[in-house]
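Counting convention: from 1, in listed order, for ligands and their atoms alike.
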Amino acid sequence: MTKIDQPNQAPAAWTPADNKGNPGQGKFTARLHQSVQAVWAGCHEHPFLTELRSGSLSLDRFAFYMKQDYVFLKDYVKMFALGSLKAWDLETMGKFADLLQQTLNVEMELHRQYAEKFGITRDELESTEPAPVTLAYTKYMLDAGAQGTLGDVVASLLPCMWSYSEIGSEAVRLHPECLKHELYREWFMMYNSDEFRSLADWCVQLMDQLAEGLPERELARLEERFVTTSRFEYMFWDMAYRKAAWDI
Ligand SMILES: Cc1ncc(CO)c(N)n1
């Protein structure tokens with residue numbers, strides 16, 4: 001397996017299969033990246049992220065995001081449990097088990113501490129009711145993972161890691177002023193960290209490995225998973241900006 005030299009950049013170009021049965025060229029993740037270009041660009045340019053970068057995002061919008069993200073993380077770690085369950089080799093099983101333990105016991109505690117800085121108590125986080133978009137996103141992802149193969153688990157998870165890593169690194173590279181806000185800077189530091197980048201790279205490489213030799217019918221299903229959770233990523237930003245909870 002080749003190392004991706006430029007983290008957060010699309011892997012080498014991909015060409016589709018021809019109609020004579022010859023497979024496409026290049027990495028599957030290049031095809032995936034291509035298929036969500038408009039969706040991910042929509043995320044980068046969504047007012048939630050443009051205002052977060054400039055520091056003008058209102059604290060109540062960010063607090064709404066933090067609370068829903070906590071709900072999201074609870075199901076996100078269950079995807080790691082599914083990853084461990086569906087993997088066949090000890091190395092991948094162990095990697096997902098590590099991710100589960102690390103996210104559940106370390107990242108979520110950091111999330112609770114970070115939320116406190118916005119005046120959100122631990123009780124408030126624990127008792128947050130999932131908003132419709134959060135519910136649709138997490139339950140779609142868990143269902144895709146539960147019904148499918150390890151490929152479905154990874155394809156559904158990949159936009160979470162890869163898009164956040166891209167958002168964090170592009171923000172710091174192109175909009176370094178995002179590190180000036182006393183509260184939001186921590187968020188950018190986290191998603192621009194080497195640790196998060198290597199997590200995203202690992203997930204990209206695993207996706208390519210799992211896609212190798214699969215028939216087009218299965219690749220198309222994995223692509224659909226990837227596109228769907230990418231669209232949910234967009235909707236999550238939009239939900240937070242509009243603070244869209246249940247309205248009935
Ligand atoms: C909604 C969402 N997607 C991805 C991540 C990255 O971990 C996150 N924290 N929240």
Side-chain angles (χ1 to χ4, degrees), residues 7-8 32 36 39-40 42-44 46 48-49 52 57 61-83 95-96 98-115 118 120 125 128-142 144-145 153-172 184 186-204 206-207 225-245:
N8 302 312
L32 294 181
V36 294
V39 181
W40 286 20
C43 293
H44 286 288
H46 191 280
F48 188 97
L49 284 173
L52 187 65
L57 185 73
R61 285 179 162 134
F62 194 76
F64 187 95
Y65 164 78
M66 285 296 288
K67 284 191 269 184
Q68 289 302 316
D69 207 38
Y70 192 71
V71 175
F72 171 87
L73 288 173
K74 283 194 257 182
D75 278 343
Y76 182 61
V77 296
K78 292 193 185 210
M79 287 297 283
F80 298 149
L82 282 175
K95 178 76 189 181
F96 276 111
D98 283 349
L99 267 175
L100 170 55
Q101 120 76 18
Q102 185 70 16
T103 311
L104 188 62
N105 298 318
V106 182
E107 306 295 333
M108 289 187 74
E109 175 55 24
L110 290 176
H111 194 103
R112 288 189 287 267
Q113 289 170 14
Y114 186 44
F118 294 86
I120 306 164
L125 279 180
T128 301
E129 186 188 12
V133 169
T134 311
L135 196 63
Y137 185 1
T138 58
K139 300 312 167 189
Y140 170 82
M141 196 162 63
L142 281 172
V153 172
V154 175
S156 309
L157 272 178
L158 188 53
C160 312
M161 296 174 183
W162 197 2
S163 82
Y164 266 57
S165 182
E166 196 178 278
I167 285 166
S169 62
E170 296 273 284
V172 172
Y184 298 156
E186 201 171 319
W187 191 90
F188 287 105
M189 302 270 281
M190 174 159 67
Y191 292 113
N192 182 48
S193 63
D194 288 341
E195 218 178 357
F196 199 78
R197 204 172 351 264
S198 55
L199 177 62
D201 287 350
W202 168 76
C203 203
V204 165
L206 182 59
M207 184 79 273
R225 303 297 192 204
F226 185 83
V227 172
T228 303
T229 55
S230 290
R231 295 168 98 179
F232 273 128
E233 282 291 333
Y234 175 86
M235 290 186 71
F236 206 88
W237 297 122
D238 194 57
M239 161 192 77
Y241 194 75
R242 294 184 295 107
K243 298 200 289 175

Subject >> Pair R197 + D201: basic N to acidic O under 4.0 Å >> reply: no
Subject >> For atom 10 (N) of ligand 1, closest protein heavy-atom neighbour >> reply: D69 OD1, 2.6 Å
Original post:
Which atoms of ligand 1 have any heavy atom of Y191 under 4.0 Å away?
Top reply: 7 (O), 9 (N)
Original post:
Which residue supplies the protein heavy atom nearest to atom 4 (C) of ligand 1, what is that atom called, and how far is it?
Top reply: Y164 CE1, 3.2 Å
**OP:** Name all pairs fulfilling the salt bridge (charged side-chain N to carboxylate O under 4.0 Å, His left out) condition that reach into residues 69-79, sequence neighbours left out, sorted by first residue then second.
**Re:** D75-K139
Original post:
Should one rank M190, M235, E233 by closest heavy-atom distance to atom 3 (N) of ligand 1, which comes out on top?
Top reply: E233
Original post:
Excluding sequence neighbours, so at least two apart, what forms side chain to side chain contact (heavy atoms under 4.5 Å, CB included) with K95?
Top reply: W202
Subject >> Under 3.5 Å donor-acceptor, E186 side chain and Y114 backbone >> reply: no
